[in-house]
Amino acid sequence: MSDGERLVALGDNCVDHYRALGVRAAGGNAVNVAVNWARTGLRSAYMGAVGPDPDGELLRAELAVQGVDASHLTTLAGSTGVTMIEVTEEGERLLAHEDFGVTADYRPSAADLDFAAGAAIAHCSTVSDFDHAVGGLAQRGGRVSYDFSTRHRTERLSGLAVAFYSWEATADDGARALLTQALAGGARTAVVTCGRHGSLAGDAEEIVFVPAQQVDVVDTLGAGDSYIAAFLTALLLHERPLVECAARGTEAAAECCTRFGGFPQAATAAVSQEAAARAAVVATKQRRNGDGDH
């Protein structure tokens, strides 16, 4: 039975460390998705693991500020995950170093799976045992999505309502083949996001393409997570047509690109104005030269 419109994201978290700016902010795919839901007024929860350290406290505190239920957030011996981030002049984010910390060891308990399966949507990313988490949720009747990012598993996906992938190129034949392989592998819906090149979404009936929106990019970090949160809301809560779901995701991703971090928070607010000014200068140069996509 679904608990109303409660939504759950489980899996990775991290502290995003913008080294050049001296900024540390809460992040990670599952955290970003849960917060994006909460920011649109939906009841959301995050499930994962942090260490008994200041970064773990930062994540707990930020989830509380954002109104995300963290009652199933576990503390494990070790360190909280940290991602070292650099941002190019064009706003593209580069992962200089990534340490998953204790989130790599997170394995949801039976009680955790019961809680997540009772939600309207259970979104997963970077879980240590895919078959245990996704299979357990599906067996309990949960509607499950998974973000494979660039790790393109396309087999044994029968428990997935939606499979998400990242494709670091245009929405070409390779991206389309990835989508069709995921559908053949058992996913009911598959999505391939291609950054500034747009996205593909498909199911047994159709495959649609939606181009990216043109914005002055500050930071691309979290854009895909924003896309996922909006797409899932449109598809699984409101049962909108596939092309509209992809358009909602595209709009959310574009908005995310206009500021620092995966979602607005105090740690990044102080640098957003400076970053926006820099991005505007870069975008102006690109338009003058006729060589920019942003």
Do the side chains of [X] and [Y] join up, straight or via other hydrophobic residues, at under 4.5 Å, putting them in one cluster?
{"X": "Leu73", "Y": "Leu76", "answer": "no"}
{"X": "Val208", "Y": "Val192", "answer": "no"}
{"X": "Phe263", "Y": "Val23", "answer": "no"}
{"X": "Met47", "Y": "Leu58", "answer": "no"}
{"X": "Leu236", "Y": "Tyr227", "answer": "yes"}

Between atom [atom1] of [X] and atom [atom2] of [Y], what is the distance when rounded to the nearest 0.5 Å?
{"X": "Leu200", "Y": "Leu178", "atom1": "CG", "atom2": "CG", "value": "9.5 Å"}
{"X": "Ile207", "Y": "Leu179", "atom1": "CD1", "atom2": "CG", "value": "5.0 Å"}
{"X": "Glu86", "Y": "His17", "atom1": "CD", "atom2": "NE2", "value": "10.5 Å"}
{"X": "Asp172", "Y": "Thr170", "atom1": "CG", "atom2": "OG1", "value": "4.0 Å"}
{"X": "Leu63", "Y": "Asp69", "atom1": "CG", "atom2": "CG", "value": "9.5 Å"}
{"X": "Arg248", "Y": "Arg240", "atom1": "CZ", "atom2": "CZ", "value": "6.5 Å"}

Short side-chain to backbone donor-acceptor contact, [X] and [Y], under 3.5 Å:
{"X": "His197", "Y": "Glu168", "result": "no"}
{"X": "Trp37", "Y": "Arg43", "result": "no"}
{"X": "Thr103", "Y": "Phe100", "result": "no"}
{"X": "Gln66", "Y": "Pro264", "result": "yes"}
{"X": "Ser44", "Y": "Ala34", "result": "yes"}

Compare every heavy atom of [Y] with every heavy atom of [X], then report the nearest pair and how far apart it is.
{"X": "Gly262", "Y": "Ser226", "answer": "O-OG, 4.1 Å"}
{"X": "Val102", "Y": "Ala77", "answer": "CG1-O, 3.4 Å"}
{"X": "Gly198", "Y": "Phe209", "answer": "CA-CE1, 4.1 Å"}
{"X": "Leu59", "Y": "Ala26", "answer": "CD2-CB, 3.6 Å"}
{"X": "Ala122", "Y": "Leu10", "answer": "CB-CD2, 4.5 Å"}
{"X": "Ala182", "Y": "Ala190", "answer": "CB-CB, 3.9 Å"}

Output, in order, the C-alpha distance, side-chain angles, deciding distance and verdict of side-chain hydrogen bond (donor to acceptor under 3.5 Å, both in side chains) for Ser149 and Asp147. CA-CA 5 Å; Ser149 185; Asp147 181 19; 5.1 Å; no
Going through the distances and angles, do Leu137 and Cys124 end up as a side-chain contact (heavy atoms from CB on, under 4.5 Å)? CA-CA 10 Å; Leu137 289 167; Cys124 310; 3.7 Å; yes
Is there a side-chain contact (heavy atoms from CB on, under 4.5 Å) between Arg24 and Asp16 once you walk through the steps? CA-CA 6 Å; Arg24 301 177 76 87; Asp16 294 323; over 6 Å; no
Should [X] and [Y] count as side-chain neighbours, where that means a heavy-atom distance under 4.5 Å?
{"X": "Leu7", "Y": "His123", "value": "no"}
{"X": "Phe231", "Y": "Leu242", "value": "yes"}
{"X": "Arg60", "Y": "Val50", "value": "yes"}
{"X": "Met84", "Y": "Glu98", "value": "no"}
{"X": "Val33", "Y": "Asn36", "value": "no"}
{"X": "Trp167", "Y": "His152", "value": "yes"}
{"X": "Ile121", "Y": "Leu237", "value": "yes"}
{"X": "Val243", "Y": "Val210", "value": "yes"}

After noting the C-alpha distance and the side-chain angles of Phe164 and Leu232, does the key distance pass the side-chain contact (heavy atoms from CB on, under 4.5 Å) rule? CA-CA 10 Å; Phe164 292 95; Leu232 289 173; 3.8 Å; yes
Geometric cation-pi criterion, Arg6 with Phe115: 6.0 Å, 45°: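 Yes; both conditions hold, so Arg6 lies above the ring face of Phe115.
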Looking at [Y] and [X], is there a salt bridge between them, counting it only when a charged N and a carboxylate O are closer than 4.0 Å?
{"X": "Asp131", "Y": "Arg153", "answer": "yes"}
{"X": "Arg259", "Y": "Asp219", "answer": "no"}
{"X": "Asp114", "Y": "Arg140", "answer": "yes"}

Would Thr80 and Asp53 satisfy side-chain hydrogen bond (donor to acceptor under 3.5 Å, both in side chains), going step by step from the backbone distance to the final call? CA-CA 7 Å; Thr80 302; Asp53 53 22; 2.7 Å; yes
Side chains of Tyr46 and Asn13: is there a donor and an acceptor less than 3.5 Å apart?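 Yes - a donor-acceptor pair under 3.5 Å links their side chains.
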If you measure only the distance, is there a donor-acceptor pair under 3.5 Å linking the side chains of Ser125 and Asp12?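 Yes, side-chain donor-acceptor contact under 3.5 Å.
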Whether over 12 other heavy atoms sit under 6.0 Å from Glu206 CD: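 For Glu206, atom CD is crowded (more than 12 foreign heavy atoms under 6.0 Å).
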Do the two ring centres, one from Phe260 and one from Tyr18, sit under 6.0 Å apart?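 Centroid separation for Phe260 and Tyr18: below 6.0 Å.
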Centroid-to-centroid, Tyr165 to Tyr146, below 6.0 Å?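 No; Tyr146 has its ring centre 6.0 Å or more from that of Tyr165.
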Can Asp129 and Tyr106 be said to form a side-chain contact (heavy atoms from CB on, under 4.5 Å), step by step? CA-CA 9 Å; Asp129 188 337; Tyr106 172 66; over 6 Å; no
